[in-house]
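We count residues from 1, following the sequence as given.
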Amino acid sequence: MSDSDQAYEVVERLGHAERAGFASEGRSPGFDRRAFLQRTALTGAAVGGVSTLLAACGSSASSGGGSASVFGSHPTYKFTFVNHVTTNPFFVPTQYGAADACKLLGCSYQWTGSESSNVNQMVNALNTAVASGVDGIAVALIDLHAFNAPVEAALKAGIPVVAYNADAPENERLSYIGQDLKLAGEKMGERIAAAVGSGDVALFIATPGSANLQPRIEGAEAAIKASGKPITVHTVATGAAVPGELSTIDAYWIGHPSTKGMYAVDGGSTESLAKVMQKYGLPAKGIKAGGFDLTENTQKLLREGNIEFTIDQQPYQQGFIPVLQLFFWHVSGTLSGITETDTGLKFLNKETVTPYVNSKTRYEGTSSEVKVVPIPAGTAA
């Protein structure tokens with residue numbers, strides 16, 4: 001694919017994201033939500049041609065200021081990402097995505113929050129961002145209520161706020177960028193019912209009640225129940241720290257050897273589950289397993305057949321797209337940029353995960369190298 005073709009694809013995808021999105025109406029005292037949610041085309045007449053965008057992208061990659069040739073002269077906007085597990089490997093590609101978008105657009109970002117899903121720490125980080133007068137905030141809304149007041153305070157101060165990875169629908173955030181979590185859980189539950197049929201099934205969750213995970217496990221439980229299969233579900237909390245997740249899952253299997261299937265609804269638990277399946281040779285014993293996300297180890301363990309599937313939710317996009325939305329909100333004078341964005345629900349098995357294993361990229365957090373990844377042979381156009 002030529003450079004110009006790649007640039008055209010970028011423009012087309014941004015346009016598609018804008019057309020596919022929708023914005024919900026709402027209000028809060030002293031805040032005109034309607035003005036925030038007015039939308040126009042992302043690309044529009046400002047992009048005179050693909051060559052112009054390509055030239056700007058190339059320039060901004062080296063100087064950080066090339067975006068002015070497309071969008072006009074603008075400040076170096078400073079954005080803040082508030083995260084619930086700041087050191088978790090799942091969010092490495094998310095940080096690459098934010099960094100790449102900032103480099104492209106001549107912005108900067110800060111990565112802050114909590115290492116252990118501590119909501120109070122996250123709220124403090126959000127309040128600090130508001131007090132420091134940042135130009136935009138992206139926050140993982142892992143609690144359905146705790147972030148309401150801080151987000152409203154940010155909006156009243158003229159600071160746009162978007163949610164990523166986890167959402168609280170009643171929150172005044174301007175948009176959500178992430179997976180449809182409940183639907184993802186339902187689809188997993190359907191697969192569990194088809195694969196296991198009957199018996200005990202363990203569902204592992206790092207932090208029960210957290211809004212980035214609880215909808216998945218509830219969706220899975222609902223789908224299993226709806227199947228009518230004689231399956232008994234056991235929910236097991238594994239904790240936010242990856243080493244603890246591994247020991248918890250290992251101990252569960254040792255204590256429950258009659259379990260017919262084991263599944264995880266978060267990336268750390270999925271990697272740990274795959275390691276336990278490998279350690280005890282459980283696939284050969286007919287034990288079923290699957291989970292979420294694509295850490296480097298999960299990719300390898302899936303290709304070896306230790307679990308049957310994992311579900312991709314595109315963590316890179318969960319960093320890249322919030323920066324785009326916050327940037328466009330500013331340069332368009334609030335008229336564009338805010339878009340509900342579903343980052344997808346993609347099941348991968350031992351065959352379809354092969355391109356991920358073979359390609360080391362920033363998009364999956366397996367490499368820091370900036371490069372164009374070749375399209376695998378035989379991939380449909």
Side-chain angles (χ1 to χ4, degrees), residues 1 6-7 9-14 16-18 20-21 42 57 60-61 79-105 107-111 113 136 138-140 162-167 175-181 184 212 266-268 270-271 291-299 302 310-328 337 339-348 352-353 355-376 379:
M1 182 184 290
Q6 292 173 46
E9 183 178 358
V10 169
V11 175
E12 285 296 294
R13 287 185 178 182
L14 291 177
H16 175 73
E18 174 69 10
L42 286 174
C57 291
S60 66
F79 305 131
T80 294
F81 278 72
V82 180
N83 189 261
H84 50 295
V85 281
T86 53
T87 59
N88 191 291
F90 170 83
F91 287 106
V92 170
T94 304
Q95 293 176 73
Y96 283 146
D100 291 349
C102 283
K103 189 174 183 181
L104 182 70
L105 299 170
C107 306
S108 65
Y109 84 101
Q110 178 188 20
W111 184 257
V139 55
V162 299
Y164 73 100
N165 188 254
D167 193 27
S175 68
Y176 169 59
I177 301 100
Q179 185 179 76
D180 185 329
L181 300 171
N212 65 314
D266 61 274
T270 297
E271 177 179 322
F292 279 83
D293 302 330
L294 283 157
T295 66
E296 188 168 12
N297 284 329
T298 295
Q299 294 175 27
L302 173 59
T310 194
I311 302 171
D312 183 19
Q313 60 171 314
Q314 298 198 83
Y316 181 94
Q317 299 293 343
Q318 294 179 24
F320 193 93
I321 294 175
V323 171
L324 285 182
Q325 292 197 13
L326 296 170
F327 176 85
F328 284 133
T339 309
E340 296 285 328
T341 306
D342 186 340
T343 58
L345 168 56
K346 183 179 182 181
F347 279 87
L348 296 170
T352 56
V353 78
Y356 293 77
V357 177
N358 293 342
S359 300
K360 304 302 179 185
T361 75
R362 293 170 69 81
Y363 305 107
E364 299 301 328
T366 52
S367 172
S368 62
E369 183 181 358
V370 177
K371 63 181 179 180
V372 174
V373 183
I375 297 175
T379 301

## Note on the structure
Smallest heavy-atom separation, R362 atom then A99 atom, equals NH2-CB, 4.4 Å
### Query
Is the closest side-chain heavy-atom distance between T361 and Y316 below 4.5 Å?
no
### Message
Give me the atom names and distance for the closest heavy-atom approach of V82 to G113.
### Response
CG1-CA, 4.2 Å
### Query
Which atom pair, heavy atoms only, marks the closest approach of A138 to L326?
N-CD1, 4.4 Å
#### Entry: Worked check of side-chain contact (heavy atoms from CB on, under 4.5 Å) between T339 and S175
CA-CA 6 Å; T339 309; S175 68; 5.8 Å; no
## Note on the structure
F327 and C107 have their tightest heavy-atom pair at CD1-SG, 3.6 Å
### Message
Under a 3.5 Å distance rule, please check whether Q313 uses its side chain to pair with a backbone N or O of G344 as donor and acceptor.
### Response
no
### Message
Could you go through V85 and T87, starting from their C-alpha distance and side-chain angles, then the distance that decides it, and tell me whether this counts as side-chain contact (heavy atoms from CB on, under 4.5 Å)?
### Response
CA-CA 6 Å; V85 281; T87 59; over 6 Å; no
#### Entry: Nearest-0.5 Å distance, CG of residue D312 to OG1 of residue T298
11.5 Å
### Task
Check whether the side chains of Q317 and T343 place a donor and an acceptor atom closer than 3.5 Å, and report yes or no.
no
### Message
I want to check something: taking the side chain as every heavy atom from C-beta on, are D167 and L181 in contact at a cut-off of under 4.5 Å?
### Response
no
### Message
Does any part of the side chain of E364, heavy atoms only, come nearer than 4.5 Å to the side chain of P93, both counted from C-beta?
### Response
no
### Query
How long is the gap from CG on L348 to OH on Y356, to the nearest 0.5 Å?
4.5 Å
### Message
Aromatic contact between F81 and F91, with the criterion being ring centroids under 6.0 Å apart: yes or no?
### Response
no
### Query
Going from CG on L345 to CD on Q179, what distance comes out if it is rounded to the nearest 0.5 angstrom?
5.5 Å
### Heavy-atom donor-acceptor pair, T94 side chain to P315 backbone, under 3.5 Å
yes
### Task
Please test T270 against I311 for side-chain contact (heavy atoms from CB on, under 4.5 Å), starting from the C-alpha separation and ending with a verdict.
CA-CA 10 Å; T270 297; I311 302 171; over 6 Å; no
#### Entry: Nearest atoms (heavy-atom pairs only) where A184 meets F292
CB-CE2, 3.8 Å
### Task
Give, for atom OH of Y176 and atom CD of Q318, the distance between the pair rounded to the nearest 0.5 Å.
6.0 Å
### Task
Could you check if a side-chain atom of E271 sits within less than 4.5 angstrom of a side-chain atom of E296, using non-hydrogen atoms only?
no
### Summary
Value for CD1 (I177) from CG (N165), rounded to nearest 0.5 Å, stands at 11.0 Å
### Query
How are the rings of W111 and Y109 set to each other: parallel, tilted or perpendicular (split at 30° and 60°)?
perpendicular
### Query
Of the non-hydrogen atoms in D293 and T310, which two are nearest, and what is the gap between them?
O-OG1, 2.6 Å
#### Entry: CG-CG distance between L105 and D100, expressed to the nearest 0.5 angstrom
10.5 Å
### Query
Between T352 and K346, is any pair of side-chain heavy atoms under 4.5 Å apart?
no
#### Entry: 4.5 Å side-chain heavy-atom contact, T366 and Q299
yes
### Task
Could you walk me through whether F90 and D266 pass side-chain contact (heavy atoms from CB on, under 4.5 Å), step by step?
CA-CA 9 Å; F90 170 83; D266 61 274; over 6 Å; no
### Query
In terms of heavy-atom contacts, does OH of Y363 have more than 12 from other residues, nucleotides or ligands at under 6.0 Å?
no
